[in-house]
Amino acid sequence: FLLISIVPLYDYLFNEIFHLEGDDSTFYTLSARYMIDNQTLRSTYSDEVLIDLQPGISYLLALETLIFGNQTRLMQIFNISIFFFTVYYFVYQIKKSHEFNRLIFIILILIIPYSVKNILYTYSEWFVVWLFVISLIAINKKNLYLAIIFLSLIPFVRQNLIIACFIIL
């Protein structure tokens, strides 16, 4: 039923996304396009800047642009789906393995609208929340090495969270 209901939206799914000039998402998109066009891992398109802030989201956008061809609505739906399934699995895992805490459930429900907005605007915050939830899933599964990997990726996406990641580790 879901696939049949999407058929009228087929053309809309492949519309390219355009960003506002001067917005963070424009910078991330230009960085990702620079990496793809020049076949480099250097995420900055400017010779003036040696290291750009928040390079992790540019790497994600470059990978997704290679997979989807361009930044499209389908890519956004893919990101929203990954985010929803991860949050759903985390809630399921908490409910299954621990006494379910309603506060955690309310917090997770409240981050969904904000995260969807961030995904649609191509910002980096949703990806940080996703990495954090994945690390919590790994911690609950007692896979500490995987948790460390995902927690160490968070400051690569948002440098202002490096102290919080050290505390969590």
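Nothing fancy with the numbering, it's 1 onward along the sequence. Since this is a predicted model, take the numbers as computed values, not measurements. Side-chain atoms are counted along with the backbone in the values below, which use heavy atoms only and exclude waters and symmetry mates.
- Nearest heavy atoms, Leu151 versus Cys165: O-SG, 3.5 Å.
- Rounded to the nearest 0.5 angstrom, Ser135 OG and Leu144 CG are separated by 11.0 Å.
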For this session: Please lay out, stage by stage, how Met75 and Leu61 fare under the test side-chain contact (heavy atoms from CB on, under 4.5 Å).
Result: CA-CA 10 Å; Met75 183 184 85; Leu61 284 177; 4.0 Å; yes

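- Taken together through direct or relayed side-chain contacts under 4.5 Å among Ile, Leu, Val, Met, Phe, Trp and Tyr, Phe150 and Leu63 form part of one hydrophobic cluster.
- In the displayed structure, Phe156 atom CZ is contacted under 6.0 Å by more than 12 heavy atoms of other residues, nucleotides or ligands.
- Heavy-atom contacts from other residues, nucleotides or ligands closer than 6.0 Å to CG of Leu110 number more than 12.
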For this session: Could you walk me through whether Ser124 and Arg158 pass side-chain contact (heavy atoms from CB on, under 4.5 Å), step by step?
Result: CA-CA 8 Å; Ser124 63; Arg158 300 282 302 182; 3.2 Å; yes

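- Taken together through direct or relayed side-chain contacts under 4.5 Å among Ile, Leu, Val, Met, Phe, Trp and Tyr, Phe85 and Phe132 form parts of separate hydrophobic clusters.
- Two residues are said to be in side-chain contact when any heavy atoms from C-beta on lie closer than 4.5 Å; Thr40 and Tyr34 meet this criterion.
- For Phe166, the CZ atom is loosely surrounded, since the number of other residues' heavy atoms within 6.0 Å does not exceed 12.
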For this session: Please step through side-chain contact (heavy atoms from CB on, under 4.5 Å) for the pair Ile57 and Leu60, ending with a clear verdict.
Result: CA-CA 5 Å; Ile57 194 69; Leu60 175 69; 3.8 Å; yes

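- Across all their heavy atoms, Leu120 and Gln76 have their closest contact at O-NE2, 2.8 Å.
- Following chains of ILVMFWY side-chain contacts shorter than 4.5 Å, one cannot reach Leu30 starting from Met35, and the two form parts of different hydrophobic clusters.
- For the pair Asn140/Phe90, a side-chain contact is recorded, criterion being any heavy-atom separation below 4.5 Å from C-beta on.
- Here Trp130 contributes atom CH2 and Ile111 contributes atom CD1; the two are 13.5 Å apart, rounded to the nearest 0.5 Å.
- Residue Leu146 holds its CG atom at 8.0 Å from CD1 of Ile134, rounded to the nearest 0.5 Å.
- The closest side-chain heavy-atom distance from Asn70 to Arg33 is below 4.5 Å.
- Taking CD1 from Ile154 and CD1 from Ile149, the interatomic distance works out to 13.0 Å, rounded to the nearest 0.5 Å.
- For the atom pair CZ (Phe127) and CG (Asn118), the distance works out to 13.0 Å, reported to the nearest 0.5 Å.
- Shortest non-hydrogen contact noted between Leu66 and Ile36 is CD2-CG2, 3.9 Å.
- For Thr72 and Glu16, the side-chain atoms include no donor-acceptor pair closer than 3.5 Å.
- By the 4.5 Å heavy-atom criterion applied to side chains, Asn79 and Glu64 are counted as neighbours.
- Taking the centre of each ring, Tyr123 and Tyr28 stay at or above the 6.0 Å mark.
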For this session: Take Thr29 and Gln71 through the side-chain hydrogen bond (donor to acceptor under 3.5 Å, both in side chains) test and state the conclusion after the steps.
Result: CA-CA 9 Å; Thr29 301; Gln71 288 187 31; 3.0 Å; yes

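- Connection of Tyr88 to Leu131 is not established within any shared hydrophobic cluster, with ILVMFWY side chains joined at heavy-atom distances below 4.5 Å, either directly or through further cluster members.
- Two residues are said to be in side-chain contact when any heavy atoms from C-beta on lie closer than 4.5 Å; Val116 and Phe83 fail this criterion.
- In this structure, CD in Glu125 is found 7.5 Å from CG in Asp24, a value given to the nearest 0.5 Å.
- Side-chain contact between Leu161 and Pro155 is absent, with no heavy-atom pair separated by less than 4.5 Å.
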Exercise. Tyr59 and Val157: side-chain contact (heavy atoms from CB on, under 4.5 Å), yes or no, with the steps?
Worked result: CA-CA 9 Å; Tyr59 286 100; Val157 178; over 6 Å; no

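- Below 30°, between 30° and 60°, or above 60°: for Tyr92 and Tyr89 the angle between ring planes is between 30° and 60°, a tilted geometry.
- Hydrophobic clustering (side-chain heavy atoms under 4.5 Å, transitive across Ile, Leu, Val, Met, Phe, Trp, Tyr) keeps Tyr114 apart from Val128.
- Nearest heavy-atom pair, Ser25 versus Thr122, reported as atom, atom and distance to 0.1 Å: CB-O, 3.4 Å.
- The shortest heavy-atom contact between Ser58 and Ala32 is O-CB, 3.5 Å.
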